[in-house]
Amino acid sequence: MLKRLFDLIVASVTLVVLTPLLLVLALWIRIDSPGPVFYRGLRVGRGGRPFRIFKFRTMVANAEALGGPSTADDDPRITRAGRWIRKRKLDELPQLLNVLRGEMSLVGPRPEVPQYVALMAPEERSLILSVRPGMTDWASLWDIDEGALLARSADPEKVYLERIRPQKIRLQLEYVRRRSMLVDLVIILQTLVAVTGRKVRPWAMTSPNP
């Protein structure tokens, strides 16, 4: 109950404060390339319930039909505005709307597409989907430069599945087991530091080596 109240207050205040920035970004996206302002990809939420995530569109319209869900920094589907927005993680800000709707939390395992959820072991799926997915978590902090790593690979999808996803799953499971308001506050502070470009090592009991 306290976590949900915290989510509602912080998400509401942040949206109000950032409204001018969000409007400027929305206008830029519409001018830069044809298509909607928001990307509404399908994700799996708490209890396995599907929902549509809010993100600023940073790729060409119908990008999912042109490639896989893993996106490298040099992906040709990324628009000019999208490249700048993604680098600064501003595309994630509209997920505050998902937080207000109760589909996400500020902190929690990042929501996955159905095809990746289907790859989880039963115990992984049971634990990770027992909480609301979040805008940030330990896995997000560890893998904040995922796009840059995938850009160095000839097969981004394979790299994600074999090298990135197992570590993300491990950190997500650890978050679910150790979650508390203190943990959430630390993750939020670390995320604010990380988006400024500074290196942050996730505060976790068994952090993987990057």
Side-chain angles (χ1 to χ4, degrees), residues 18 20-45 50-98 103-104 109-120 133-169 171-172 191 194-200 208-210:
L18 295 182
L21 172 63
L22 299 177
L23 291 175
V24 169
L25 292 175
L27 180 61
W28 187 18
I29 291 168
R30 287 299 302 269
I31 293 174
D32 183 60
S33 65
V37 168
F38 293 118
Y39 164 75
R40 301 297 315 281
L42 186 65
R43 297 292 185 270
V44 179
F51 71 97
R52 293 284 176 178
I53 197 169
F54 282 96
K55 296 182 72 172
F56 277 130
R57 181 177 60 84
T58 59
M59 305 177 80
V60 297
N62 300 317
E64 289 181 321
L66 304 175
S70 298
T71 308
D73 282 349
D74 60 352
D75 194 310
R77 296 175 295 172
I78 300 176
T79 63
R80 288 173 300 176
R83 201 169 303 281
W84 189 91
I85 292 170
R86 288 172 71 95
K87 184 176 181 179
R88 291 155 182 82
K89 308 299 180 184
L90 299 177
D91 56 315
E92 309 287 352
L93 290 177
Q95 287 161 48
L96 291 166
L97 295 172
N98 290 114
E103 297 160 335
M104 292 179 64
R110 287 293 297 163
E112 283 283 21
V113 296
Q115 69 191 73
Y116 287 161
V117 172
L119 297 176
M120 293 179 182
M135 293 181 65
T136 185
D137 66 344
W138 279 324
S140 302
L141 290 167
W142 167 73
D143 193 36
I144 199 164
D145 292 325
E146 177 181 310
L149 175 61
L150 296 177
R152 297 193 294 268
S153 170
D155 190 344
E157 191 74 7
K158 181 178 180 181
V159 170
Y160 178 82
L161 290 173
E162 295 182 358
R163 293 182 54 189
I164 296 175
R165 183 177 171 276
Q167 299 286 34
K168 289 175 71 171
I169 290 289
L171 281 174
Q172 289 174 348
T191 300
V195 296
T196 67
R198 301 177 186 176
K199 284 288 185 180
V200 173
N209 295 319

Between Trp142 and Ile164, is the side-chain contact (heavy atoms from CB on, under 4.5 Å) condition met? List the steps.
CA-CA 10 Å; Trp142 167 73; Ile164 296 175; 4.2 Å; yes

Between Thr191 and Leu141, is any pair of side-chain heavy atoms under 4.5 Å apart?
yes

Evaluate Leu119 against Arg165 for side-chain contact (heavy atoms from CB on, under 4.5 Å), listing each step before the verdict.
CA-CA 10 Å; Leu119 297 176; Arg165 183 177 171 276; 3.5 Å; yes

Does Ile29 reach the side chain of Ile85, with side-chain heavy atoms less than 4.5 Å apart?
yes

Are Glu92 and Arg110 close enough for a salt bridge, meaning some N to O gap below 4.0 Å?
yes

Distance (rounded to the nearest 0.5 Å) between Leu96 CG and Leu22 CG
8.0 Å

For residues Ile53 and Gln95, determine if any side-chain heavy atom of one lies less than 4.5 Å from a side-chain heavy atom of the other.
yes

Students often mix this up, so state it plainly: with edges at 30° and 60°, are the rings of Phe56 and Phe38 parallel, tilted or perpendicular?
parallel

Is the side chain of Arg77 donor-acceptor paired with the backbone N or O of Val60 at a distance under 3.5 Å, no angle test?
no

Please check if atom CZ in Arg30 has more than 12 non-hydrogen atoms from other residues, nucleotides or ligands closer than 6.0 Å.
no

Spell out, as yes or no, whether a donor-acceptor pair under 3.5 Å connects the side chain of Arg57 to the backbone of Pro36.
yes

Please answer whether the main-chain N or O of Met104 pairs with a side-chain N or O of Asn98 as donor and acceptor at a distance below 3.5 Å.
no

One should read off an interatomic distance between Thr58 OG1 and Ile78 CD1, to the nearest 0.5 angstrom, of 6.0 Å

Verdict with reasoning, Arg88 to Val195, per side-chain contact (heavy atoms from CB on, under 4.5 Å)
CA-CA 7 Å; Arg88 291 155 182 82; Val195 296; over 6 Å; no

Within the supplied structure, the quantity of interest is the number of heavy atoms (other residues, nucleotides, ligands) at a distance under 6.0 Å from Arg80 CZ; does it exceed 12?
no

Should Tyr39 and Phe54 count as side-chain neighbours, where that means a heavy-atom distance under 4.5 Å?
no

Can you name the closest pair of heavy atoms from Glu103 and Arg52 and give their distance?
OE1-O, 4.2 Å

Hey, is the main chain of Val113 close enough, under 3.5 Å, to the side chain of Arg43 for a donor-acceptor pair?
no

Of all heavy-atom pairs between Pro111 and Gly134, which one has the smallest distance, and what is that distance?
CD-O, 3.6 Å

Taking only residues two or more places apart in sequence or in another chain, which ones pass side chain to side chain contact (heavy atoms under 4.5 Å, CB included) with Pro114?
Leu42, Val44

What's the shortest heavy-atom distance between Ala61 and Pro34, and which atoms?
CB-O, 4.0 Å

Under 4.5 Å between any side-chain heavy atoms of Trp84 and Leu90, yes or no?
yes

